[in-house]
Amino acid sequence: MMNKKLIIFIIVCMLSLLTACQEQKETNEANEAGPLDGLFAGSELSYEEYTFIMEYIVDRAKEMEIENKELEKWVIRAIGDERLMNKRDLTKEEALEKAEYNQKYYETYMSVAENKYNVTVTEEELDSWISKGPDQSDIPQHKAYAEALGLTLEELNHDYDRDLYEQTMVMEKLQLVLQKEYDTSDVNEIRDEFNKEVEEQMK
C-alpha cells in the first residue's frame, strides 16, 4: 500500500493531474503508485508560511469570479501548482486553460478505469481510507489549505478533495490490472501507457 503521508502531502499542495503526469514522464523518478506522487518532496515551510501561501492562492482564484464551483476547485489547484512549483502567478486565461484540461483528464481517467478495466472504489472504502489516513494528518500545509478554504480538515478530505483521494485509490487497484494488461511491472511504463490511453480518449 502506498505511503498515505506522502499522498496527503502532495495532494494538499494542490498539484494538478496534468503536471503530475508530465513530471513523471520527464523525470521517471516516481517510486510509488498514485496520480500525484513524487513532487514537492522535501518542501518544508512553517505553518504560518503555508497559511500565507494557501490564503494567497485561494484569494487569487476567488478574484477570478468563476461561477462554476467545480471548475473553481481545479483553478485553485492549477494556481497552487504554478505558485508552489515555479513561484509565478497564472493569468485567469492560463489558469482556466490548465484547470479545464486537468478536470477533463481526471474525468476521462476515471471513466477509462471504470468502463474499460472495471476498476472502482466504493464510497465506504473511500471514507474508510480517508478516515484512517488523511483525517489523521498533522501536516502543516494540510491544515493551512483547509483553513484557507474555510473548511475543517474532515470537510476538505471527505468532500472538497474527495476526487483526488478516489483517484489515488483507483490507481492503487489499477496498477495490478495494468501489470497484466501491459505485461510489465514497471510503474513508470504502466503510467505512460495508461496516460496514452487517457489522452487518446480525450481527443
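When a residue number appears, it is its place in the shown sequence, counting from 1.
- Gln175 is listed as a side-chain neighbour of Arg191, based on a closest heavy-atom distance under 4.5 Å.
- The CG atom of Asp186 sits 5.5 Å away from the CG atom of Asn188 when rounded to the nearest 0.5 Å.
- With contacts defined as side-chain heavy-atom distances shorter than 4.5 Å, the pair Gln167/Met171 does not qualify.
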Check step by step if salt bridge (charged side-chain N to carboxylate O under 4.0 Å, His left out) holds for Glu125 and Lys173. CA-CA 12 Å; Glu125 284 179 311; Lys173 292 186 176 183; 3.2 Å; yes
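- Remark: side-chain polar atoms of Gln103 are not paired, donor with acceptor, to backbone N or O of Trp74 under 3.5 angstrom.
- By the 4.5 Å heavy-atom criterion applied to side chains, Asp89 and Tyr56 are counted as neighbours.
- The distance from the NZ atom of Lys116 to the CD atom of Glu114 is 15.0 Å, given to the nearest 0.5 Å.
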Worked verdict on Val170 versus Met110 for side chain to side chain contact (heavy atoms under 4.5 Å, CB included): CA-CA 8 Å; Val170 165; Met110 299 298 282; 3.7 Å; yes
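- Scored by the side chain to side chain donor-acceptor pair (under 3.5 Å) test, Ser185 finds no partners at all (sequence neighbours excluded).
- Atom-to-atom distance recorded for Leu126:CG and Thr120:OG1 is 11.0 Å, nearest 0.5 angstrom.
- Among residues two or more places apart in sequence or in another chain, the side chain to side chain donor-acceptor pair (under 3.5 Å) test is passed with Lys62 by Glu72.
- A donor and an acceptor atom, one from each side chain of Glu49 and Ser46, are located under 3.5 Å apart.
- Looking at heavy atoms from C-beta onward, Val58 lies in side-chain contact with Leu149 at the 4.5 angstrom threshold.
- Note that the CG atom of Leu178 and the CG atom of Leu176 stand 9.0 Å from one another [nearest 0.5 Å].
- Using a 4.5 Å heavy-atom threshold, the side chains of Leu151 and Tyr145 count as separate.
- The side-chain contact (heavy atoms from CB on, under 4.5 Å) test with Met64 singles out one residue from Leu90, Thr91, Ile79, and that residue is Ile79.
- Shown here are the side chain to side chain donor-acceptor pair (under 3.5 Å) partners of Asn115, two or more places apart in sequence or in another chain: Ser111.
- Proximity of a side-chain donor or acceptor of Thr108 to a complementary backbone N or O of Lys104 within less than 3.5 Å is detected.
- Counting heavy atoms from C-beta outward, Tyr50 and Glu55 have side chains that stay 4.5 Å or more apart.
- In summary, Glu63 and Lys92 do not engage in a salt bridge, as defined by a charged side-chain N under 4.0 Å from a carboxylate O.
- For the ring pair (Phe, Tyr, Trp, His ring centres under 6.0 Å) condition, the pairs that include at least one residue of residues 178-203, sequence neighbours left out, are Tyr109-Phe194.
- Between the side chains of Glu197 and Tyr117, at least one donor-acceptor pair of N or O atoms lies under 3.5 Å.
- Contacts of Glu154 classified as side-chain contact (heavy atoms from CB on, under 4.5 Å), with partners at least two apart in sequence or in another chain: Asp135, Thr152, His158.
- Here the closest non-hydrogen pair linking Ala78 and Ala99 is CB-N, 4.4 Å.
- Using modelled atom types, no side-chain atom of Asp161 and backbone atom of Leu164 make a donor-acceptor pair closer than 3.5 Å.
- In terms of heavy-atom proximity, Leu156 sits nearest to Ala146 at CD2-CB, 3.9 Å.
- Ionic pairing of Lys87 and Glu82 is not present here: no N-O contact between side-chain nitrogen and carboxylate oxygen is shorter than 4.0 angstrom.
- For the pair Arg83/Arg88, no side-chain contact is recorded, criterion being any heavy-atom separation below 4.5 Å from C-beta on.
- Between Ser137 and Leu153, the shortest heavy-atom contact is O-CD2, 3.8 Å.
- Glu147 is listed as a side-chain neighbour of Tyr47, based on a closest heavy-atom distance under 4.5 Å.
- With rounding to the nearest 0.5 angstrom, the CG atom of Leu174 is 11.0 Å from the CG atom of Asn118.
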Would you please test Trp129 and Val121 for side chain to side chain contact (heavy atoms under 4.5 Å, CB included) and show each step? CA-CA 10 Å; Trp129 189 91; Val121 296; over 6 Å; no
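- Lys196 and Glu193 are joined by a salt bridge, as a carboxylate oxygen and a charged side-chain nitrogen come within less than 4.0 angstrom of each other.
- Scored by the side-chain contact (heavy atoms from CB on, under 4.5 Å) test, Lys73 finds Glu70, Arg77, Tyr160, Asp163 as partners (sequence neighbours excluded).
- Side chain of Asn157 to main chain of Pro134: a donor-acceptor pair is present (N/O by atom type, distance under 3.5 Å, no hydrogens or angles).
- Interatomic distance, CG of Asp127 versus CZ of Arg162, reported as 4.0 Å (0.5 Å rounding).
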